[in-house]
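Okay, so here's the structure we're looking at.
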Amino acid sequence: PRKGRGGAPVNENERALKPLFTRLVEIGPMSAALATDDILLLAQSRAPADREQLMLSLVDLCARADAGGGQIDPSVHALMNSVFLSLVSEAERDIRRALAERLASAAWAPKGLINVLALDEIEIARPVIAQSPVLEDDDLMRLFAMAAIEHQIEVASRHAIGAALVVVGGLLGFVTP
């Protein structure tokens with residue numbers, strides 16, 4: 001494997017983070033986020049606390065880029081999705097819950113990550129199912145088909161659901177058409 005700072009092996013997260021940072025810096029400011037070098041060091045660590053700080057720092061960085069009015073192009077979105085999915089697949093329950101709470105209302109959040117969080121345990125999935133603007137009717141239909149009853153109830157409780165969801169929810173007894 002390739003060696004990074006101090007002779008430590010460079011993992012896939014670090015390889016993916018460098019181009020992501022470059023593109024996000026072009027889009028918006030990073031002043032309040034951790035320095036790029038600090039984030040790359042976190043990417044090398046396997047400690048749960050470092051993984052949590054890495055994910056939350058990436059959320060902050062992406063939120064700043066979004067708030068700066070910059071458009072995140074599809075290639076950056078795909079890269080963000082890949083990095084977040086890699087991190088969340090290894091994350092402990094508390095980290096996934098914190099991530100779900102931070103991303104619940106983020107319109108920029110990667111769709112793949114939001115769908116993974118929506119299918120997680122209900123305590124993790126609840127804020128995403130209730131609030132995420134990224135979830136579309138087809139995603140919510142998939143939750144009705146694949147997820148536990150608690151998830152289905154959360155979908156039926158969303159403020160705005162499409163007509164197809166009202167019909168499916170009505171058939172399941174959750175929504176009165």
**Report entry** ILVMFWY cluster, Leu113 and Leu56 together (side-chain gap under 4.5 Å)
**Finding:** no

What pair of heavy atoms forms the shortest contact from [X] to [Y], and how long is it?
X: Leu135; Y: Val128; answer: CD1-O, 3.6 Å
X: Ala118; Y: His151; answer: O-CD2, 3.0 Å
X: Pro127; Y: Ala104; answer: O-CB, 3.4 Å
X: Gln152; Y: Ala147; answer: NE2-O, 3.3 Å

**Report entry** Presence of salt bridge, Glu121 and Arg97, under 4.0 angstrom
**Finding:** no

Query raised in the report: Should Arg102 and Met55 count as side-chain neighbours, where that means a heavy-atom distance under 4.5 Å?
Result: no

Query - Non-hydrogen side-chain atoms of Trp108 and Leu103 separated by less than 4.5 Å - result: yes

Report the distance from atom [atom1] of [X] to atom [atom2] of [Y], rounding to the nearest 0.5 Å.
X: Ser132; Y: Arg158; atom1: OG; atom2: CZ; answer: 6.5 Å
X: Arg51; Y: Leu87; atom1: CZ; atom2: CG; answer: 5.0 Å
X: Asp120; Y: Arg96; atom1: CG; atom2: CZ; answer: 4.0 Å
X: Glu101; Y: Leu117; atom1: CD; atom2: CG; answer: 11.0 Å
X: Gln44; Y: Asp50; atom1: CD; atom2: CG; answer: 10.5 Å
X: Ile149; Y: Ile122; atom1: CD1; atom2: CD1; answer: 10.5 Å

Requested in this report: Go through Glu123 and Arg93 one step at a time and tell me if the salt bridge (Lys or Arg N to Asp or Glu O under 4.0 Å) criterion holds.
Outcome: CA-CA 10 Å; Glu123 292 81 20; Arg93 185 178 189 282; 3.2 Å; yes

For residues 139-146, dump all side-chain donor-acceptor pairs below 3.5 Å to protein atoms at least two apart in sequence or in another chain.
{"from": "Asp139", "atom 1": "OD1", "to": "Asn115", "atom 2": "ND2", "distance (Å)": "3.4"}
{"from": "Asp139", "atom 1": "OD1", "to": "Arg142", "atom 2": "NH2", "distance (Å)": "2.7"}
{"from": "Asp139", "atom 1": "OD2", "to": "Lys111", "atom 2": "NZ", "distance (Å)": "3.1"}
{"from": "Asp139", "atom 1": "OD2", "to": "Glu136", "atom 2": "N", "distance (Å)": "2.8"}

Requested in this report: Tell me, with the steps shown, if Val116 and Phe84 meet side chain to side chain contact (heavy atoms under 4.5 Å, CB included).
Outcome: CA-CA 10 Å; Val116 166; Phe84 277 118; over 6 Å; no

Report task. Could you tell me whether a side-chain N or O of Ser86 sits under 3.5 Å from a main-chain N or O of Ser82, the two making a donor and an acceptor? Result -> no

**Report entry** Ser57 side-chain N/O to Gln53 backbone N/O, donor-acceptor pair under 3.5 Å
**Finding:** yes

